[in-house]
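One structure below.
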Number of protein chains: 2
Amino acid sequence: MSTAEETDGDSAPWAEVTPEAARRLLVAAVDAFAERGYHATTTRDIAGRAGMSPAALYIHYKTKEELLHRISRIGHDRALFVLEAAADGGGTAAERLAEAVRSFVRWHAERHTTARVVQYELDALGEEHRTEIVELRRRSDAVVRRIIGEGVQAGEFDVPDVPGTTLAVLSLCIDVARWFNEQGSRTPDEVGELYAGLVLRMVAAER
Amino acid sequence: MSTAEETDGDSAPWAEVTPEAARRLLVAAVDAFAERGYHATTTRDIAGRAGMSPAALYIHYKTKEELLHRISRIGHDRALFVLEAAADGGGTAAERLAEAVRSFVRWHAERHTTARVVQYELDALGEEHRTEIVELRRRSDAVVRRIIGEGVQAGEFDVPDVPGTTLAVLSLCIDVARWFNEQGSRTPDEVGELYAGLVLRMVAAER
DNA sequence: ACGGACCCTAAGCGCTTGCTCAGGTTCGGG
DNA sequence: CCCGAACCTGAGCAAGCGCTTAGGGTCCGT
């Protein structure tokens, strides 16, 4: 597999961020934001983690908020990519839903540092940037809702409230970013598998 | 029903906080923390919402962190109370689990302002205060795990991974605080009902 | 050898932060 | 009518914030 110009959700995490100094700052910001939260993180802390002086940050980014926006934008793009890949993967609705949950959860667990920033620091974005991100989340919702809707029509699923169940499924997956811990007893793969099973039970017509 | 000295999860929200000036400040802090987050909220903002000068805050609380701790402590106590009431309510494991989810979710929806602070600003607490709160959350976990465990033993439930499913159930409920909106199309009762049904499907032995 | 593009830093500006403190207001009991 | 306790405010301090600016290395093509 080539490492150049990848747009998938996993490999070479921040490869598209250039030049290298800008990437180092962005990675440092992800770590700091995830650890302490956006508002509790200082620009001096970010620059320090990247091994630079506080002023260096402003050569590559106009403001601290722009850093958050870049992180949030790239993160949402990747999470959405993962979801859409599963949705377009073919198979029955159950197979596609299971794969969507499995990979979406795996992303939130494996990359829980990024995911935490992406999912929980949304309010710190400015008006314009936030609406841009909210649109991406609307699309995630649409992807899951479509799979569930198709499963219902095909008679595979029995779901009284499709929008409500969609909300619950996404909520369940997203919250993984909050509690997942690398020192915990479960690998991202195991959590993905567990959750895929639970979600299938939530929508299954019968067993 | 008397309004004096209540300790349940709903009525007379912050009645046990006295004197009245201290309660006004605490309510103002809950609103501010929920809206902007702990770190983005200034002591001037809190005092202003309570109609006092910045200095007044420090007559009733030693630090801004003490305010967060009081909120977090009381909130966790109430949420736990709601859970335990449902768990001790009698009936089959399915009935108790459904009631636990229903009331826990209802609490997180109805009082989502408080719940947001309680569930998402934990990291802003100091070392000692945080470990105190984490203990309360461990007890919430134990309550749900016990119900599910008993359901499995009674043959009512079929759950391959009890700790994992417990985690998922609680995660689902807690995340309600993040997305619930009073202008949304669902009442707290409706969300509670929906979620209770979904959780029962996750654990049911057969249908 | 040298000019200039690029990238970075030291220093610091103006402002806001959490918090303090001396002093004023209010009010019930004697 | 005065006292003392309870409660609150105006003014402000030291520290830390996001961000700016003047200037200095480094390395390229020529």
Side-chain angles (χ1 to χ4, degrees), chain A residues 14 16-72 117 121-130, chain B residues 14-73 117 121-130:
Chain A
W14 300 105
E16 76 259 56
V17 181
T18 53
E20 199 243 346
R23 176 168 54 244
R24 255 163 54 220
L25 282 164
L26 188 133
V27 169
V30 170
D31 288 347
F33 291 163
E35 230 174 75
R36 308 202 206 296
Y38 175 79
H39 289 291
T41 299
T42 69
T43 54
R44 284 162 177 80
D45 183 18
I46 297 170
R49 286 177 192 240
M52 303 183 196
S53 80
L57 197 152
Y58 293 91
I59 294 159
H60 300 281
Y61 301 95
K62 275 209 294 286
T63 63
K64 179 180 154 188
E65 195 262 357
E66 187 193 324
L67 252 174
L68 177 61
H69 174 239
R70 291 276 285 264
I71 292 166
S72 199
V117 178
E121 302 292 344
L122 220 114
D123 295 343
L125 288 170
E127 187 65 34
E128 286 184 28
H129 287 160
R130 186 168 54 251
Chain B
W14 299 104
E16 78 259 52
V17 181
T18 54
E20 199 243 346
R23 176 167 54 245
R24 255 163 53 219
L25 282 163
L26 190 134
V27 169
V30 170
D31 288 347
F33 291 164
E35 229 173 76
R36 311 202 206 295
Y38 175 80
H39 288 292
T41 299
T42 68
T43 54
R44 284 163 176 79
D45 183 17
I46 297 170
R49 286 175 193 242
M52 301 183 199
S53 80
L57 196 152
Y58 293 90
I59 294 160
H60 301 280
Y61 302 94
K62 277 208 293 286
T63 63
K64 177 179 156 189
E65 195 263 358
E66 189 194 323
L67 252 174
L68 177 61
H69 174 239
R70 291 276 287 264
I71 293 167
S72 200
R73 175 71 217 233
V117 178
E121 302 292 343
L122 222 114
D123 295 343
L125 287 171
E127 186 67 34
E128 286 184 29
H129 288 160
R130 186 168 54 249

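Here is the naming used below: chain letters follow the sequence lines, and residue numbers restart at 1 for every chain.
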Below 3.5 Å is the cut-off: list the nitrogen or oxygen pairs between protein and nucleotides 22-24 of chain C, distance only.
none

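For the pair A:Glu65 CD and D:dC17 C1', the computed distance is 17 Å after rounding to whole Å. One interatomic measurement links the two molecules: OH of B:Tyr61 to P of C:dT20, which rounds to 16 Å at whole-angstrom precision. Rounded to a whole Å, the OH atom of B:Tyr58 is 16 Å from the C1' atom of D:dG10. The nearest whole Å value for the distance from the CE atom in A:Met52 to the P atom in C:dA11 is 20 Å. Atom CD1 of A:Ile46 and atom P of C:dC8 are 16 Å apart (whole Å). Spacing between atom CG of A:Leu57 and atom P of D:dG18 amounts to 10 Å, rounded to whole angstrom units.
Checking A:Arg44 against A:Gly51, the closest nucleotide of DNA chain C that is more toward the 5' end is the one next to A:Gly51.
A salt bridge does not link A:Arg130 with A:Asp123: none of the charged nitrogens is closer than 4.0 Å to a carboxylate oxygen. Classification of B:Glu35 and B:Arg49 as a salt-bridged pair holds, one side-chain N sitting under 4.0 Å from a carboxylate O.
Side-chain proximity of A:Ala55 to D:dC19, C:dA11, D:dT9: nearest is C:dA11. The nucleotide whose nearest atom lies closest to any side-chain atom of B:Ile59 is, among C:dT9, D:dG18, D:dT9, D:dT9. For B:Thr43, taking side-chain heavy atoms from C-beta onward, the closest of the listed nucleotides C:dT9, D:dC17, C:dC19 is C:dC19.
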Task: Derivation and outcome, ring-ring contact (aromatic ring centres under 6.0 Å, His included), residues A:His129 and A:His69 - done: CA-CA 7 Å; A:His129 287 160; A:His69 174 239; 3.6 Å; yes
Open item on the list: Show, in sequence, the C-alpha distance, side-chain angles and deciding distance for A:Leu68 and A:Lys64, and conclude whether the side-chain contact (heavy atoms from CB on, under 4.5 Å) test is met.
Closed with: CA-CA 7 Å; A:Leu68 177 61; A:Lys64 179 180 154 188; over 6 Å; no
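Across B:Thr43 and B:Leu57, no two heavy atoms sit closer than the pair O-CD1, 3.9 Å. Contact record, B:Val117 with B:Ala34: CG2-N, 3.6 Å, taken as the closest heavy-atom pair. In plain terms, the two heavy atoms of B:Ala124 and B:His39 that are nearest each other are CB-NE2, 3.9 Å.
Across all strands shown, B:His60 has heavy atoms under 4.0 Å from sugar-phosphate atoms exclusively, and none from any base.
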